[in-house]
Amino acid sequence: MQEQTTDASVVSYAFKASLIGTAHRFELTEAGLSWRLAGRSGTWPYTDISAIRLSFRPVWMQAHRFRADISHKSGARFSIVSTSWQTAALMATQDNGYRDFLIALHRRMAASGSTAELTGGLGRITYIAALSSVTVVGTMLLGLFIRALVIGEYAGALFFLGFAALFGWQIGGFIRRNRPTSYSFEHLPGDLLP
């Protein structure tokens with residue numbers, strides 16, 4: 001669904017947020033960030049963009065998905081994701097187009113003198129809650145693993161060990177990538193871009 005136009009001054013990106021409905025389309029023009037979403041459209045001058053939050057947000061159909069939440073000074077906001085619905089069972093990645101679009105957006109904002117707040121990952125309170133939950137679940141798994149060893153249930157201990165490894169791989173990657181951070185226009189966080 002990624003689009004590139006022939007005009008060198010315009011960079012575009014499109015994705016389908018859901019199976020039903022039209023694609024969300026974005027263009028970086030000389031006037032600003034132009035968008036078309038669900039029958040609405042507009043152009044935000046780069047200096048009117050008040051914040052960008054980059055994050056890693058996997059979903060059940062796509063484990064490798066990134067999201068950029070872009071806020072306007074009026075309070076309006078929308079999200080751009082690195083995947084697009086293709087069919088009922090297929091969500092395609094658009095890693096290169098997404099990354100190129102966001103890098104170009106940051107460059108144009110910097111060139112326009114933007115003072116937008118640039119953050120990455122989860123909010124601090126959400127991150128602490130997620131980290132606390134992971135710690136509690138990890139402690140519970142460790143307790144069950146030790147109990148299984150003590151009572152001689154080695155198959156159960158092996159199961160808990162395997163589950164802990166899977167849990168650490170899946171959730172650990174999410175927690176590591178979404179650590180709260182601030183960044184600059186010149187140094188985008190590599191963990192939050194495909």
Side-chain angles (χ1 to χ4, degrees), residues 1-59 61-62 64-87 90-124 126-127 177-194:
M1 176 84 9
Q2 173 196 345
E3 298 177 351
Q4 291 296 328
T5 59
T6 55
D7 183 356
S9 66
V10 176
V11 178
S12 63
Y13 180 77
F15 70 94
K16 285 189 75 172
S18 66
L19 190 56
I20 299 172
T22 61
H24 295 202
R25 300 183 188 281
F26 303 91
E27 290 184 346
L28 303 178
T29 66
E30 296 301 321
L33 173 60
S34 177
W35 51 271
R36 282 179 274 153
L37 310 167
R40 297 175 296 143
S41 64
T43 300
W44 291 352
Y46 298 116
T47 54
D48 287 356
I49 296 173
S50 62
I52 297 179
R53 176 179 294 276
L54 301 177
S55 59
F56 175 66
R57 297 292 177 99
V59 292
M61 289 287 289
Q62 185 54 257
H64 188 74
R65 180 175 172 261
F66 298 84
R67 186 171 93 182
D69 297 312
I70 301 175
S71 301
H72 188 265
K73 68 179 184 180
S74 69
R77 171 189 133 164
F78 53 75
S79 297
I80 300 175
V81 296
S82 66
T83 58
S84 184
W85 280 96
Q86 301 295 311
T87 67
L90 177 63
M91 185 181 275
T93 61
Q94 302 185 140
D95 290 351
N96 292 335
Y98 174 83
R99 180 180 48 253
D100 294 346
F101 183 81
L102 284 178
I103 290 170
L105 173 61
H106 282 79
R107 282 186 186 142
R108 290 187 186 213
M109 288 175 65
S112 72
S114 173
T115 58
E117 178 184 11
L118 304 175
T119 58
L122 300 173
R124 295 197 189 287
T126 305
Y127 184 77
R177 283 181 183 258
N178 281 308
R179 185 176 309 121
T181 187
S182 295
Y183 65 94
S184 67
F185 287 112
E186 297 80 29
H187 297 77
L188 278 69
D191 279 347
L192 299 176
L193 289 174

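The ring of F78 has its center closer than 6.0 angstrom to the ring center of F26. Ring centroid separation for the pair H187 and F185 does not come in under the 6.0 Å cut-off.
A distance of 12.0 Å separates NE2 in H24 from CZ in R36, rounded to the nearest 0.5 Å. Here the OG atom belonging to S55 is positioned 5.5 Å from the CG atom belonging to D69, to the nearest 0.5 angstrom. Of the inter-residue distances, the one linking H72 atom NE2 with S50 atom OG reads 8.0 Å to the nearest 0.5 angstrom. With rounding to the nearest 0.5 angstrom, the CG atom of D191 is 9.5 Å from the OG1 atom of T181. Note that the CD1 atom of I52 and the CG atom of L102 stand 7.0 Å from one another [nearest 0.5 Å]. Here CE of M109 is found 3.5 Å from OG of S114. Values are rounded to the nearest 0.5 Å.
Smallest separation of non-hydrogen atoms from R108 and Y46: CD-OH, 3.2 Å.
Between K73 and D48 a salt bridge is recorded (basic side-chain N to carboxylate O distance below 4.0 Å).
Using a 4.5 Å heavy-atom threshold, the side chains of I70 and W35 count as separate. Looking at F66 and R177, their side chains come closer than 4.5 Å, going by heavy atoms from C-beta outward. At least one side-chain heavy atom of H64 sits under 4.5 Å from a side-chain heavy atom of D95. F101 has its side chain within reach of V11: a pair of non-hydrogen atoms, C-beta onward, lies under 4.5 Å apart. Two residues are said to be in side-chain contact when any heavy atoms from C-beta on lie closer than 4.5 Å; L105 and I49 meet this criterion.
Remark: the backbone N or O of K16 is paired with a side-chain donor or acceptor of S84 at under 3.5 angstrom. In this structure, R67 contributes its side chain and F56 its backbone to no donor-acceptor pair below 3.5 Å.
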| Residue pair Y183, H106: steps toward the side chain to side chain donor-acceptor pair (under 3.5 Å) verdict | CA-CA 11 Å; Y183 65 94; H106 282 79; 2.8 Å; yes

| said: Pair Y98, I80 - check side chain to side chain contact (heavy atoms under 4.5 Å, CB included), show working. | reply: CA-CA 8 Å; Y98 174 83; I80 300 175; 4.0 Å; yes

| request: Start with the C-alpha distance between L33 and T43, add both sets of side-chain angles, then the distance that settles side chain to side chain contact (heavy atoms under 4.5 Å, CB included), and finish with yes or no. | output: CA-CA 5 Å; L33 173 60; T43 300; over 6 Å; no

| Taking it one step at a time, do R57 and L192 satisfy side chain to side chain contact (heavy atoms under 4.5 Å, CB included)? | CA-CA 9 Å; R57 297 292 177 99; L192 299 176; over 6 Å; no

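Exactly one residue among R25, Q94, E27, R99 makes a side chain to side chain donor-acceptor pair (under 3.5 Å) with Y13. That residue is Q94.
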